[in-house]
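All residue numbers in this chain count up from 1 along the given sequence. The basis for the numbers below is simple: all heavy atoms, side chains too, and nothing from hydrogens, waters or symmetry mates.
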Amino acid sequence: MQVRVLGCSGAIAKGCRTTSFLVDGDLLVDAGTGVGDLTLDEMAGIDDVVLTHSHLDHVAALPLMIDAVASRRRGPLRVHALRATIEALRAHVFNNVIWPDFGRIPSQEAPFVSFHDFAVGQTLRLGSRSLKDIEVLPAVHTVPACGFAVRPAAGGRHWVYSGDTERNAPFWERVNALDVAALVIETAFSDREMALAQRSLHLSPSSLAAELAHISPQSDYPIYITHTKPAETEEIMSQINRLAGTATLRRPAHKDDRIIHWLRADEVLTL
């Protein structure tokens with residue numbers, strides 16, 4: 001299974017694109033501005049989109065992508081999300097004011113997009129070319145939100161993505177029961193902005209350290225930091241590196257090399 005990082009920034013700037021991941025070419029996980037780097041053929045090859053939540057940095061490219069490739073598709077793009085996320089998209093994006101209601105265009109019987117709700121704890125089986133199991137994980141954010149654990153339907157290890165979240169014990173309870181190949185977890189703010197991180201229900205390096213302490217001692221997998229604010233990325237990673245160097249952030253005792261990495265757009269994780 002391949003996870004292509006289209007965008008992993010918490011905001012936009014030159015070279016910074018917001019959250020979106022392409023899994024095996026046919027599954028899009030979140031639809032931030034990174035989707036704009038795909039070719040028309042690549043966008044047309046996506047049949048299913050799973051969304052963590054309704055915030056703009058995770059859905060901004062969705063209406064534009066549908067518009068770009070609708071004429072190439074034989075059926076609607078299937079968008080899967082929490083019911084509250086779908087309701088927000090219908091009310092505030094596909095509302096014939098901000099954007100046309102592609103759920104009813106060109107007709108209600110044959111729309112450009114179809115919406116499918118899921119619940120935390122549910123496992124979806126998606127993928128038109130390579131089937132994948134996607135388990136919906138809990139998240140703690142300012143709007144209803146979730147994370148995902150994705151693996152090939154035939155079996156194998158999971159790619160785990162936290163989505164936007166603050167401290168979240170139920171997430172770790174489930175993750176520790178999975179065979180994890182890699183973890184992508186947000187750290188949106190530096191410790192200098194710790195109060196803002198807590199208010200907006202995001203992580204900073206110190207709260208990240210507290211979260212990673214929940215990882216089972218038997219687990220050993222790389223950790224990738226996503227969703228850093230462009231103006232604070234260097235500061236965030238410097239603080240994470242200092243914490244890792246003092247063993248405040250967990251790493252396997254038998255390894256000397258750091259297992260915490262800053263995720264970069266255009267990176268491909270092969271799992």
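Between L89 atom CG and F102 atom CZ the span is 13.0 Å, to the nearest 0.5 Å. Between atom CD of residue E232 and atom OG of residue S238 there is a gap of 12.5 Å, rounded to the nearest 0.5 Å. For the atom pair OG1 (T228) and CD1 (I240), the distance works out to 8.5 Å, reported to the nearest 0.5 Å. With values rounded to the nearest 0.5 angstrom, D57 atom CG is found 14.5 Å from R17 atom CZ.
The two residues S54 and A88 come nearest to each other via the heavy atoms CB-CB, 3.8 Å. Looking at every heavy atom in both residues, L28 comes nearest to A31 through CD2-CB, 3.9 Å. In this structure, L22 and D26 approach most closely via the heavy-atom pair CD1-N, 4.3 Å. Considering every non-hydrogen atom in both I46 and R73, the closest pair reads O-NH1, 2.8 Å. The two residues A209 and L243 come nearest to each other via the heavy atoms CB-CD1, 4.4 Å. The two residues N168 and A139 make their nearest non-hydrogen contact at ND2-CA, 3.3 Å.
In this structure, W159 has its ring center under 6.0 Å from that of F21. The ring of H58 has its center closer than 6.0 angstrom to the ring center of H227. Within the 6.0 Å centre-distance limit, the rings of H261 and Y224 are counted as a close aromatic pair.
For the side chain to side chain donor-acceptor pair (under 3.5 Å) with E135, the lone residue among R151, R174, Q122, H158 that qualifies is R174.
Crowding of E234 atom CD: a count of heavy atoms from other residues, nucleotides or ligands under 6.0 Å not exceeding 12. Within a 6.0 Å radius of CD1 in I12, no more than 12 heavy atoms belonging to other residues, nucleotides or ligands are found. Within a 6.0 Å sphere centred on CZ of R72, other residues, nucleotides and ligands contribute more than 12 heavy atoms.
Under the 4.0 Å criterion applied to side-chain N and carboxylate O atoms, E235 and R192 are assigned as salt-bridge partners. Using a cutoff of 4.0 Å between basic side-chain nitrogens and carboxylate oxygens, E42 and R4 are scored as salt-bridged. Taking a cutoff of 4.0 Å between a charged side-chain nitrogen and a carboxylate oxygen, E193 and K229 do not qualify as a salt bridge.
Between the side chains of E166 and H202, no donor-acceptor pair of N or O atoms lies under 3.5 Å. No hydrogens or angles considered: nothing links the side chains of D30 and T19 as a donor-acceptor pair under 3.5 Å. Q239 and S190 share no donor-acceptor pair across their side chains, judged by distance under 3.5 Å alone. No side-chain N or O of T123 forms a donor-acceptor pair with one of D133 less than 3.5 Å apart. A donor atom on one side chain and an acceptor atom on the other are found under 3.5 Å apart for H80 and D48.
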Report task. Take D24 and K132 through the salt bridge (charged side-chain N to carboxylate O under 4.0 Å, His left out) test and state the conclusion after the steps. Result -> CA-CA 9 Å; D24 288 342; K132 289 161 283 290; 3.8 Å; yes

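Counting heavy atoms from C-beta outward, T39 and M43 have side chains that stay 4.5 Å or more apart.
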